[in-house]
Amino acid sequence: MPELPEVETIANNLNAGNRDQPSLIGREILRASLIWERTLAEPGPNEFPERIAGQSILSIGRRGKFLRIQLSTDVLLIHLRMSGDLRVESGAAPIGKHSRLILELAGGIRLAFVDPRKFGRVWLTANPDSILGGLGPEPLDDTFTPQALFEALRGRRRQLKPLLMDQSIIAGLGNIYTDEALHQARLHPLLTSQSITFEQAERLWRSIRSVLRAGIQRNGTSIDWVYQGGDYQKFLRVYGRSSQPCVECGAPIERIIIGQRSTHFCPYCQPSSGYQD
DNA sequence: ACGAGCGCCTGTCGGC
DNA sequence: TGCCGACAGGCGCTCG
């Protein structure tokens with residue numbers, strides 16, 4: 001499911017609460033039950049429940065596509081991968097079919113990690129940098145500048161699309177927002193990073209921030225049963241629109257496979273000239 | 001240093 | 001109705 005805007009939305013809801021769910025801030029974790037063992041990356045399945053019980057939730061944030069939950073002594077990191085989600089439920093509700101980890105909280109509620117495809121992972125650690133250390137800059141931070149992006153592109157010889165999805169280059173972009181950013185920047189996904197001029201990099205920088213901000217504003221993208229609550233899917237210009245007319249020029253959107261991921265672009269607005277460079 | 005291929009998993013959808 | 005392949009907001013691992 002989730003890219004940066006969806007993870008940000010989930011973090012905001014857990015923090016502040018909303019109409020359907022209370023805030024988790026300040027709640028003690030009473031008990032943990034691990035339903036699918038491989039969901040837990042660290043520590044072992046025996047240590048995890050003992051160590052997390054009794055800790056309280058102090059703050060909830062995001063780094064890249066990771067949720068970062070600061071507890072009394074440790075940090076809980078959650079990566080939702082393709083189909084993960086977090087639900088705040090009544091402690092009396094039946095356990096859902098796809099729940100992989102349950103944290104029972106004070107006040108008769110619980111936090112359920114729901115993940116049909118079982119790709120998601122959870123870490124409980126005193127040293128989150130050991131897991132987050134390889135991530136590139138946050139694209140919405142001030143430290144991420146056009147110059148920084150230009151240098152990252154120039155320093156490699158790589159197709160734009162897989163480079164933008166590489167979390168060590170920029171943290172948070174996934175398949176949807178990468179395709180949308182490249183379209184807005186009018187750059188073909190197969191262009192070689194080294195061939196990009198400073199002006200093009202600046203355009204790409206602007207587009208990346210623009211699509212991520214718009215996604216957050218719309219509470220993320222909800223395109224199927226996996227993630228609900230967002231409506232940025234109404235504003236997508238290329239993703240999932242293959243053979244439909246480009247909103248800019250009317251040419252049919254093309255779909256190709258790059259790095260095993262489906263890639264959507266407008267062959268007219270995003271010319272391929274120069275991708276041998 | 002890079003790209004391609006595959007594994008990890010379950011669910012949905014369209015075609016026959 | 002049932003079966004079968006294609007496909008899905010991710011990432012880590014091999015192998016050239």
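Predicted, not measured: the structure shown is a model, and the values here were computed from it.
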> When you look for runs of 3 or more Watson-Crick or G-U pairs in a row, both distances below 3.5 Å, which of them include DNA chain C?
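B:2-8 with C:10-16, B:10-16 with C:2-8 - these are the stems of 3 or more pairs that involve DNA chain C.
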> So A/R241 and A/V247, side-chain contact (heavy atoms from CB on, under 4.5 Å) or not? Walk me through it.
CA-CA 10 Å; A/R241 296 192 66 247; A/V247 180; 3.9 Å; yes
> For the residue pair A/Y177 and A/Y232, categorise the inter-ring angle as parallel (less than 30°), tilted (30 to 60°) or perpendicular (more than 60°).
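Rings of A/Y177 and A/Y232: parallel, under 30°.
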> Can you find a heavy atom in the side chain of A/L160 that is under 4.5 Å from one in the side chain of A/L190?
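In short, these two side chains do not touch, never coming nearer than 4.5 Å.
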> If you measure from the P atom in B/dC9 to the same atom in C/dC7, how many Å do you get, rounded?
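So the two P atoms sit 22 Å from each other.
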> With nearest nucleotide decided by heavy atoms, which residue, A/W225 or A/R38, maps closer to the 5′ end of DNA chain B?
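With A/W225 and A/R38 compared, the 5'-side residue is A/R38.
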> Checking all strands, does A/D115 fall into the base, sugar-phosphate, or nothing category for heavy-atom contacts under 4.0 angstrom?
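If one applies the 4.0 Å heavy-atom cut-off, A/D115 turns out to touch nothing in the nucleic acid.
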> Have a look at A/T178 and tell me which of A/T263, A/I258, A/L164, A/I170 forms a side-chain contact (heavy atoms from CB on, under 4.5 Å) with it.
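In the set A/T263, A/I258, A/L164, A/I170, the residue that makes a side-chain contact (heavy atoms from CB on, under 4.5 Å) with A/T178 is A/L164.
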> With a non-hydrogen cut-off below 4.0 angstrom, is A/K161 in contact with a base, only sugar-phosphate, or nothing?
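No contact at all - A/K161 keeps every heavy atom at 4.0 Å or more from the nucleic acid.
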> Test A/E8 against A/L212 for side-chain contact (heavy atoms from CB on, under 4.5 Å), laying out the working first.
CA-CA 10 Å; A/E8 175 106 2; A/L212 291 175; over 6 Å; no
> Please give me every residue in residues 117-138 of chain A whose heavy atoms get under 4.0 Å of an atom in DNA chain B, ordered by residue number.
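When residues 117-138 of chain A is checked for heavy atoms under 4.0 Å from DNA chain B, the hits, listed by number, are A/R117, A/K118, A/F119.
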> For residues 113-137 of chain A, pull every pair meeting side chain to side chain donor-acceptor pair (under 3.5 Å), keeping only residues two or more places apart or in separate chains.
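Qualifying pairs, neighbours excluded: A/S83-A/D115.
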> Report yes if some heavy atom in the side chain of A/L124 is under 4.5 Å from a heavy atom in the side chain of A/V122; otherwise report no.
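In short, these two side chains do not touch, never coming nearer than 4.5 Å.
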> Mind checking A/S168 for me? I need base, sugar-phosphate or nothing, with any heavy atom below 4.0 Å counting as a touch.
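Here A/S168 touches no strand at all.
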> Is the phosphate of C/dC11 approached by A/H79 (side-chain N or O, under 4.0 Å from OP1 or OP2)?
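True: A/H79 side-chain N/O within range (under 4.0 Å) of C/dC11 OP1/OP2.
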> Does anything in residues 255-267 of chain A reach DNA chain C, meaning a heavy atom under 4.0 Å, and if so which residues?
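Of all residues in residues 255-267 of chain A, the ones placing a heavy atom under 4.0 Å from DNA chain C are A/R255, A/R261, A/S262.
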> Using atom P of each nucleotide, how far apart are B/dC8 and C/dC3 to the nearest Å?
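Each nucleotide's P atom is 25 Å from the other's.
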> With a 4.0 angstrom cut-off to heavy atoms of chain A, pull out the first and last contacting nucleotide of DNA chain B, in 5'-to-3' order.
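Contact boundaries, 5' end first: B/dC2 to B/dT12.
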> Going by the salt bridge (Lys or Arg N to Asp or Glu O under 4.0 Å) test, which pairs reach into residues 172-194 of chain A, not counting sequence neighbours?
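Found A/K161-A/D179.
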